[in-house]
2 protein chains.
Amino acid sequence: MSQADTVTRILDSAEELFAEKGFAETSLRMITTRAKVNLAAVNYHFGSKKDLIQAVFARFLSPFCSKLDKELTVMAAAVQEPSLHDVLDVLARTMLTGVHSTVGTRKLSVFMRLLGLAYTQAQGHLRRFLKEHYHQTYSRFILYLRAAHPELSPREIFWRIHFAIGACVFTMSSIEVLRDMSMADTGEDSGVEDVMNQLIPFLAAALER
Amino acid sequence: MSQADTVTRILDSAEELFAEKGFAETSLRMITTRAKVNLAAVNYHFGSKKDLIQAVFARFLSPFCSKLDKELTVMAAAVQEPSLHDVLDVLARTMLTGVHSTVGTRKLSVFMRLLGLAYTQAQGHLRRFLKEHYHQTYSRFILYLRAAHPELSPREIFWRIHFAIGACVFTMSSIEVLRDMSMADTGEDSGVEDVMNQLIPFLAAALER
DNA sequence: TCTCGTTTTAAACGGTCGTTTTAAACAATC
DNA sequence: GATTGTTTAAAACGACCGTTTAAAACGAGA
């Protein structure tokens with residue numbers, strides 16, 4: 001088994017388990033068992049559990065932000081004054097395509113769940129890591145939003161977009177629980193696609209009011 | 001120190017720490033140290049950590065659901081066909097008043113954060129506990145929502161209300177992080193009240209579209 | 001005051017955690 | 001084929017976890 005195999009298998013297992021259980025509830029022994037590698041491999045290849053957490057985020061956020069940056073540049077070149085719809089469309093398309101490509105197919109729900117953990121479970125080290133590496137792309141994205149609605153204050157823009165992120169992240173984070181509840185309540189199953197198809201107009205109405 | 005003191009102090013400390021760190025990241029030793037009680041007191045008074053978690057939820061959800069039930073009855077007696085606004089208003093008022101009363105003053109952000117944990121960190125035992133004890137009030141609330149908008153399918157109602165819950169829970173769960181980010185982005189501080197004042201019309205626009 | 005049920009205390013239990021260590025297996029270079 | 005640096009393997013480390021135990025302290029009723 002080559003190094004790349006071992007590292008990748010650890011990242012794959014860690015990503016799944018973190019998304020499913022969170023950071024503290026996932027032990028290195030769970031990760032290495034699922035990855036079928038030796039326990040010590042995590043500390044050898046990554047250094048520590050914290051470094052592994054950061055590596056898991058880096059693996060999907062780095063290509064995602066690169067893609068988003070590129071797409072934002074394409075958009076800026078194509079249209080004079082990008083509308084809110086333009087900007088959000090770039091984000092949505094980047095999430096759908098960028099997530100599924102690059103490093104194998106990654107489920108959108110895993111992406112969202114990890115993003116949610118970054119907000120709600122992040123210890124200091126992860127927050128600092130994310131800010132240091134991805135704050136630039138984030139800022140650029142926010143700037144386009146502001147330009148699209150110059151009549152709104154930066155504070156209003158900030159909070160509206162984070163309300164929207166909250167609805168997405170929460171929904172996708174607890175999608176299994178919610179689907180169970182929906183099933184119990186309404187008697188009908190809701191596919192993830194159905195949920196997305198309702199979420200988007202919901203957010204559009206809230207953002208564009 | 002009387003029993004009530006010990007039990008209450010444990011619940012207070014546990015509530016704060018759970019809201020701050022989550023369940024797995026909070027040890028009984030942290031809780032008992034903060035509460036200034038002996039380590040064994042948790043197992044003596046509550047049985048186990050799981051039972052303590054359930055007790056923390058019960059302490060704020062039981063009076064909350066009682067209040068909500070009562071207020072829903074008042075509303076139903078007052079207006080023939082309650083509108084969405086009527087129903088949500090009952091919820092909002094119950095949260096603001098009911099949370100702050102009953103057992104001392106509890107911060108709204110702690111309430112929200114615990115609610116969020118129930119969705120995203122709930123082990124099986126907590127989910128079963130909440131369903132068993134509070135599902136009835138929840139169902140009744142949902143029924144009024146359906147009655148207010150009979151043209152929407154139960155599935156649409158369910159998902160819209162949970163998108164809204166997501167925006168609330170996520171925002172209040174990571175309110176400290178978000179306020180820091182907002183400060184860094186816009187240079188202005190956003191008080192919790194400011195955020196609420198923006199969140200409510202945001203949700204209204206999304207729900208009532 | 002003595003008694004007896006309740007509560008608190010200090011210490012220990014077995015188990016799991018993240019991490020380290022030491023040696024073995026491997027792959028590439030000469 | 002020996003040597004070197006890299007990767008894997010098994011075992012152990014100390015630390016902390018939730019829980020249990022057994023004795024001490026307490027408090028109300030006889």
Side-chain angles (χ1 to χ4, degrees), chain A residues 1-59 114 117 121-129, chain B residues 1-59 114 117 121-129:
Chain A
M1 188 186 300
S2 75
Q3 171 187 355
D5 266 351
T6 300
V7 169
T8 302
R9 295 160 69 93
I10 290 174
L11 285 172
D12 287 342
S13 302
E15 184 177 88
E16 291 172 21
L17 286 166
F18 286 155
E20 184 186 334
K21 301 175 175 298
F23 302 132
E25 295 89 341
T26 301
S27 71
L28 295 184
R29 284 167 176 83
M30 293 182 202
I31 295 170
T32 52
T33 300
R34 175 177 297 208
K36 288 175 182 146
V37 302
N38 188 272
L39 168 62
V42 169
N43 290 91
Y44 175 76
H45 286 288
F46 296 93
S48 68
K49 188 179 180 180
K50 286 183 180 180
D51 292 322
L52 172 60
I53 293 173
Q54 295 179 7
V56 166
F57 275 84
R59 187 173 63 151
L114 290 174
L117 293 181
Q121 288 205 352
Q123 315 294 80
H125 74 96
L126 180 56
R127 208 122 62 208
R128 269 178 266 117
F129 173 83
Chain B
M1 189 186 299
S2 75
Q3 172 186 356
D5 266 351
T6 300
V7 168
T8 302
R9 294 160 70 92
I10 291 173
L11 285 173
D12 288 341
S13 302
E15 184 178 87
E16 291 172 21
L17 286 165
F18 287 154
E20 185 185 335
K21 301 174 175 300
F23 304 132
E25 295 88 341
T26 301
S27 72
L28 296 185
R29 285 169 174 82
M30 293 181 201
I31 294 170
T32 53
T33 299
R34 176 178 296 208
K36 289 176 181 146
V37 302
N38 188 271
L39 168 62
V42 169
N43 288 289
Y44 175 76
H45 287 287
F46 295 93
S48 68
K49 187 178 180 180
K50 286 183 181 180
D51 292 321
L52 172 61
I53 293 174
Q54 295 178 9
V56 166
F57 275 83
R59 186 173 65 149
L114 290 174
L117 292 181
Q121 288 205 354
Q123 317 291 80
H125 74 96
L126 181 57
R127 209 124 62 209
R128 269 178 268 117
F129 173 82

Check side-chain hydrogen bond (donor to acceptor under 3.5 Å, both in side chains) between B:Gln54 and all other residues, then give those that pass, not counting sequence neighbours.
B:His125

Taking B:Lys49 for the side chain and B:Phe23 for the main chain, is one N or O donor matched with an acceptor at less than 3.5 Å?
yes

From NZ of A:Lys36 over to P of D:dA9, roughly how many Å is that when rounded to an integer?
13 Å

With a 4.0 Å heavy-atom cut-off, tell me which residues in residues 16-32 of chain A come close to DNA chain C, sorted by residue number.
A:Thr26, A:Ser27, A:Leu28, A:Arg29

Between protein and nucleic acid, restricted to nucleotides 20-24 of chain C and to nitrogen or oxygen atoms under 3.5 Å apart, what atom pairs and distances do you find?
none

For A:Ser48 and C:dG18, is the shortest distance between a side-chain N/O and OP1 or OP2 below 4.0 Å?
no

Using whole Å, report how far CZ of B:Phe46 lies from P of D:dT19.
13 Å

Applying ring-ring contact (aromatic ring centres under 6.0 Å, His included), name anything that partners B:Phe46, two or more places apart in sequence or on another chain.
none

Quick check on D:dT6: is either OP1 or OP2 less than 4.0 Å from any side-chain nitrogen or oxygen of A:His45?
no

Nucleotide D:dT19, atom C1' - distance to CG of B:Asn38 in whole Å:
13 Å

Do A:Gln121 and B:Gln121 have side chains that get closer than 4.5 Å, going by heavy atoms?
yes

Do A:Asp12 and A:Arg59 touch side chain to side chain, with heavy atoms closer than 4.5 Å?
yes

Nearest heavy-atom contact between A:Leu117 and A:Gly22 is CD1-CA, 4.0 Å

Give every donor-acceptor pair under 3.5 Å between a side-chain atom in residues 37-44 of chain A and any protein atom, sequence neighbours left out.
residue: A:Asn38; atom: OD1; partner: A:Ala40; partner atom: N; Å: 2.9
residue: A:Asn43; atom: ND2; partner: A:Gly47; partner atom: O; Å: 3.3

Applying ring-ring contact (aromatic ring centres under 6.0 Å, His included), name anything that partners B:Phe129, two or more places apart in sequence or on another chain.
B:His133

